[in-house]
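Structure, as C-alpha cells:
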Amino acid sequence: MPTVRGRTIRVLFDAETIAARNREVAAEIAAAGYRDLLVVPILKGSFVFAADLLRALHGVGLSPEVEFIQLSSYDAQQVSSGHVSLVRDVESNLAGRDVLLVDDILESGRTIAFARDLLAKRGARKVAVAVLLEKAGKLAQPLTVDHVGFVCPDVFVVGYGMDAAHAFRGLPFVGVVEERRSRTARAGARGSRARSKDGRSRRGAGGSRRESRGRAGYRSRREP
Ligand code: IMP
Ligand code: MG
C-alpha cells in the first residue's frame with residue numbers, strides 16, 4: 001500500500017481503472033447527443049476528474065466549452081452539513097444550452113441538487129450530471145444523475161482531486177487513509193522489537209491515549 005505524507009493509503013480505484021472508465025463515460029456522454037454542450041466542473045474536488053474527462057471527450061470527438069462553479073459545504077466531521085453555498089458562479093449566458101455538471105462524489109446529493117437548480121435558474125435547456133463516484137444509499141432526497149464512474153463504498157475517500165484537510169488531492173488514484181496505529185500498538189511493536197534484541201523490555205510507561213482527531217486523524221472542511 002502506498003505511503004503518502006507519512007500515512008498509509010489503501011487504494012480503492014487505481015489510475016488505470018479510472019482512465020479506462022473515463023473513456024467509457026466519455027463514450028456515454030457522446031452517445032447522449034447533448035447540443036451546444038457546456039461542461040461545468042464543481043470546484044474544488046472535481047478538478048482532476050474533469051480534466052481527464054474533458055480529454056477523454058476529445059478522444060470521442062467532443063469539444064465542449066468549459067466553465068467552473070465553486071460550491072462549499074462546511075463541516076468538521078466529514079459528514080454533509082446540509083448547507084451548500086455558492087463561492088464562484090459561471091460567467092456565460094446559459095440560456096437554451098445543454099450543461100453537463102461534473103463532480104467528484106455524489107453522497108447526500110445536496111451539492112448536485114443545489115448546482116442543478118442554480119444552472120436551471122440561469123436558463124439552461126438541460127442540466128445533466130456526471131460524477132466519478134456515487135456512495136450508494138446516501139441520498140437525502142430523490143435525485144438521478146446521468147453518468148456515474150463507479151459506485152463507492154461508504155468510506156471517506158481521498159485522491160484524484162479529493163482531499164482530507166486540503167491534503168492528498170494530487171494522488172493519481174482514489175483511496176482511503178488508513179487509521180494511525182494507536183500509541184499502545186506502536187509501543188507494543190517497539191517493545192517486542194527491543195525484547196527480541198536483548199531479551200529485556202525497553203518499553204516505558206507508554207501512554208495509551210487514543211487518537212483524538214477523528215477518522216484517519218484528519219479534520220476536514222468539506223469542500224465540493
Ligand atoms: P453531497 O452534497 O453530500 O452529495 O456531498 C458531495 C460533496 O462532498 C462532494 O462534492 C465532495 O466534495 C464531498 N465529499 C463527499 N464524500 C467525500 C469523500 O469521501 N471524500 C472527499 N470528499 C467527499
Ligand atoms: Mg465535490
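In each ligand, atom 1 is the first atom listed, and ligand 1 is the first ligand listed. Starting from 1, each residue takes its place in the sequence as its number.
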Under-4.0 Å salt bridge between Asp98 and Arg125
yes
Got a salt bridge between Arg21 and Glu28, using NZ or NE/NH1/NH2 to carboxylate O under 4.0 Å?
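Here Arg21 pairs with Glu28 in a salt bridge, since their nearest N and O are under 4.0 Å apart.
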Min heavy-atom dist Ser73 to ligand 1 below 4.0 Å:
no
Using heavy atoms and a 4.0 Å limit, tell me yes or no: is Lys135 in contact with ligand 1?
yes
Contact atoms of ligand 1, heavy-atom distance to [X] under 4.0 Å:
X	result
Val155	19 (O)
Arg110	2 (O), 4 (O)
Asp103	10 (O)
Ser108	1 (P), 2 (O), 3 (O), 4 (O)

Which of the listed options, Asp104, Thr111, Val157, Asp163, holds the heavy atom that is closest to atom 10 (O) of ligand 1?
Asp104
In terms of heavy-atom contacts, Asp103 and Ser46 come closest through CA-CB, 3.7 Å
For Arg7 and Glu179 the tightest heavy-atom approach is NH2-C, 4.2 Å
Among the N, O or S atoms of Asp103, the one nearest the Mg ion (ligand 2):
OD1
Asp104: which N/O/S atom is nearest the Mg ion (ligand 2)?
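Relative to the Mg ion (ligand 2), the closest nitrogen, oxygen or sulfur of Asp104 carries the name OD1.
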Check whether the side chains of Asp52 and Tyr160 place a donor and an acceptor atom closer than 3.5 Å, and report yes or no.
yes
